[in-house]
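Report on the following structure.
The shown structure was predicted, so the numbers you read here are calculated from the model rather than taken from an experiment. Residue numbers begin at 1 in each chain, while the letters A, B, ... track the order of the sequences.
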Protein chains: 2
Amino acid sequence: MNILITGGAGFIGSHLCDALLQQPEYRITVLDNLSLGRLDNIEHLIGTEPRFKFEEVDILDTPALERVFAEGRFDMVFHLAANSDIAISHTKPEVDLESTFRTTFQVLNMMRIHGVKRLAFASTSAIYGNPQNQKLTESFGPLLPVSHYGAGKLASEAFISSFVENYGIQAWIVRFPNVVGERATHGAIFDFIRKAQSESADLEVLGDGNQNKPYVYVKDLVQAVLFVWNNTSASINLFNLGVDSRTRVSKMAEIVLEELGSNKEIRYTGGAQGWVGDVPEFEYDLSKIHALGWKASLSSDEAVRKSVQEIIKLQGLVSKK
Amino acid sequence: MNILITGGAGFIGSHLCDALLQQPEYRITVLDNLSLGRLDNIEHLIGTEPRFKFEEVDILDTPALERVFAEGRFDMVFHLAANSDIAISHTKPEVDLESTFRTTFQVLNMMRIHGVKRLAFASTSAIYGNPQNQKLTESFGPLLPVSHYGAGKLASEAFISSFVENYGIQAWIVRFPNVVGERATHGAIFDFIRKAQSESADLEVLGDGNQNKPYVYVKDLVQAVLFVWNNTSASINLFNLGVDSRTRVSKMAEIVLEELGSNKEIRYTGGAQGWVGDVPEFEYDLSKIHALGWKASLSSDEAVRKSVQEIIKLQGLVSKK
């Protein structure tokens, strides 16, 4: 089976490569423009794994994308490429229009033209917006995203749905919460480690520290994506993925300082939202994926701690190079 | 109050102009590229109504749009411009990407840049897709549109939501069902009148004639839009608009033949769906708009008959010119 992974040099995409290559029948092509993805994440595969191919291509470059699809004869696409920095687009909404949404339309249209019939899509809990005290199942509505990132992902889901109906494509739409683990390039854990290692006297945390969200370990998440793909067969298979525990931002900061052996003070900037578009309290319903037979192996706190450990370990390896 | 109406030379947009101009405090600018809209619809206003201005501009022409916003100092935007031919984009999905969705993003972005804080958006029942036997309230989910038109409108709603949160815009999102009445340029009634007047021996109807949907009269719909706008004040005000009765396609064909005094036979092509992306049975929940205090004045059958009469009358006027 020939599989295309867009954003495959990114944080989650590169772990997906590793997991899929465990199966000898899969040949993987990674497409990434390296704007957020990094060669480091896949350098252990390039030139050493014959079933792995890397294409440095921007999805919005239609002729280049056309060539990759013509050569690749793909049976399946995992579309992960997107802007992954939610806060940045407040001042530049075009970022999520282009990188989060229009990339999806480009992939869908190329699948239509080349007759590729299966798509897995990395959606997000951000499409739910910021509803208070509600049970966020897959059938929750109305969907009123507060970030352009969430809007771009919901817009993507919308066109995936119409392409499924119009061209007989089959889709797996999996909504991710916060994801943590080695190879992460941004996000709260990464910021806290950087700040804890900086020269500033204290560790600054945006907001009041009470933001409380589920953090899933990246390798758990990738297993969930493959589990859904392998165990469902409707024309559209829509699942919340995640972990049924949460970690407060204050706890995360404490774990970072513990693991670094730092005795810095934590200083909160205050306010419920860390930044415009932040969703301070978030928990969504995982009954559907649990009923299908999958659960995360690590709790949210365990995932955060493991991520901190892995990022620190990787820094050690990098600094010894 | 300075009001911009995009798509204001179109079927629904031109009726909205007429209704808003009833209020002496409103000054209207219509922006339309005349690809679907028609000067005929607003010729009674151009040059005669000093509070009315027409701009032949394509929303995707950013410099031209920029000029209209700079000159207009708008307090309020009614964004109606869109592709309105649902069936056409099966072979050209880019049509709804550009005309239905990206027009919305352009309007939103221009509102952000020019500090325009209020937006009413013409959404659609097509965002609900084709769920069977379910109560389609405004909080129904998941939203899985089957047409690219529905996808483009849902994608628009998504970015409206994120722009509301990010820039303090207030939005009225009103979801329309099938709309009928004078100035319609396409749709089943229009097709049936044309076919009934053609030289063919019978009246061909796509599908089995059992498609059953609510048809709201355009002037009722426009009143509903203004009613919602004037009577709600949340940051996002989301309403299904319509009529709580339905008309079968077979009945619509009979009404057309009756009103034309034609004795043609009706011939059905068969199949539940008239075309790919068609939603054969559709009824949505209007509790929310009814609770707000609005109901349509004409039933679906009455709206269909009135539309047929008005279109035939207009043909008579045109042919006498």
Side-chain angles (χ1 to χ4, degrees), chain A residues 86 89-94 96-98 101-102 104-106 108-109 112-113 126-131 134 136-168 171 173 175 235-236 238 273 276-279, chain B residues 86 89-94 96-98 101-102 104-106 108-109 112-113 126-131 134 136-168 171 173 175 235-236 238 273 276-279:
Chain A
I86 300 189
S89 65
H90 175 66
T91 52
K92 290 184 183 172
E94 300 85 354
D96 281 306
L97 173 71
E98 296 294 317
F101 167 65
R102 209 160 62 82
T104 306
F105 189 90
Q106 286 274 97
L108 285 167
N109 213 18
R112 172 179 75 89
I113 293 165
I127 64 161
Y128 292 110
N130 204 350
Q134 303 219 45
L136 302 181
T137 66
E138 290 82 353
S139 59
F140 179 84
L143 298 175
L144 299 172
V146 295
S147 63
H148 299 314
Y149 173 77
K153 288 290 190 181
L154 178 54
S156 296
E157 287 194 8
F159 276 95
I160 289 169
S161 177
S162 65
F163 272 71
V164 162
E165 169 76 11
N166 278 268
Y167 314 114
I173 298 174
R175 294 174 176 168
S235 56
I236 297 180
L238 177 65
Q273 269 190 328
V276 175
D278 186 23
V279 177
Chain B
I86 300 191
S89 66
H90 176 66
T91 52
K92 289 184 183 172
E94 299 85 355
D96 281 305
L97 172 72
E98 296 295 318
F101 166 65
R102 210 159 63 80
T104 306
F105 189 89
Q106 287 274 100
L108 285 168
N109 213 18
R112 172 179 76 89
I113 293 165
I127 64 159
Y128 292 111
N130 203 349
Q134 303 219 46
L136 302 181
T137 66
E138 289 82 354
S139 59
F140 179 84
L143 298 174
L144 299 172
V146 296
S147 63
H148 299 313
Y149 173 76
K153 288 290 191 183
L154 178 53
S156 296
E157 288 194 7
F159 276 94
I160 289 169
S161 177
S162 65
F163 272 71
V164 163
E165 169 75 12
N166 277 267
Y167 314 114
I173 298 174
R175 294 174 175 167
S235 57
I236 297 181
L238 177 65
Q273 267 189 326
V276 175
D278 186 24
V279 176

Against A/I127, only a single residue in A/L144, A/I173, A/L143 fulfils side chain to side chain contact (heavy atoms under 4.5 Å, CB included); can you say which?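 Exactly one option meets the side chain to side chain contact (heavy atoms under 4.5 Å, CB included) with A/I127, and it is A/L143.
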Out of A/R112, A/K153, A/R102, return the one with the most heavy atom pairs under 4.5 angstrom to chain B.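 Greatest number of close heavy-atom pairs with chain B: A/R112.
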- Task: Output the option from A/I160, A/L154, A/L97, A/L108 having the highest count of non-hydrogen pairs under 4.5 Å with chain B.
- Result: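 So the answer, after comparing A/I160, A/L154, A/L97, A/L108, is A/L97.
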For [X], is it the side chain, the backbone, both, or neither that has a heavy atom closer than 4.5 Å to a heavy atom of chain A?
X: B/T104; value: neither
X: B/E157; value: neither
X: B/L238; value: side chain

Check side-chain hydrogen bond (donor to acceptor under 3.5 Å, both in side chains) between B/S89 and all other residues, then give those that pass, not counting sequence neighbours.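 side-chain hydrogen bond (donor to acceptor under 3.5 Å, both in side chains) check on B/S89 returns B/D96.
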task: May I ask you to name which of B/Y149, B/F101, B/F159 has the most heavy-atom pairs under 4.5 Å with chain A?
output: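 Of B/Y149, B/F101, B/F159, B/F159 has the most heavy-atom pairs under 4.5 Å with chain A.
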### Task
Report the option among B/A155, B/P142, B/S162 that has the most heavy-atom pairs separated by less than 4.5 Å from atoms of chain A.
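Result: the option with the highest number of such pairs is B/S162.
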Check: B/F140 and B/Q134: which non-hydrogen atoms are nearest, and at how many Å?
Finding: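 Minimum heavy-atom contact is CE1-OE1, 3.5 Å.
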Practice task
Kindly give the heavy-atom pair with the smallest separation between B/Y167 and A/H148, and that separation in Å.
Solution key: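 Minimum heavy-atom contact is OH-NE2, 2.9 Å.
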Just jot down the side-chain contact (heavy atoms from CB on, under 4.5 Å) partners of B/S235, sequence neighbours excluded, or say none.
->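 Applying side-chain contact (heavy atoms from CB on, under 4.5 Å) to B/S235 gives B/V164.
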### Task
Please state whether the side chain, the backbone, both or neither of A/I236 comes within less than 4.5 Å of a heavy atom of chain B.
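A/I236 touches chain B through side-chain heavy atoms alone.
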task = Examine distances only and state if a side-chain atom of B/N130 and a backbone atom of B/P145 form a donor-acceptor pair shorter than 3.5 Å.
result =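 No: the side chain of B/N130 does not pair with the backbone of B/P145.
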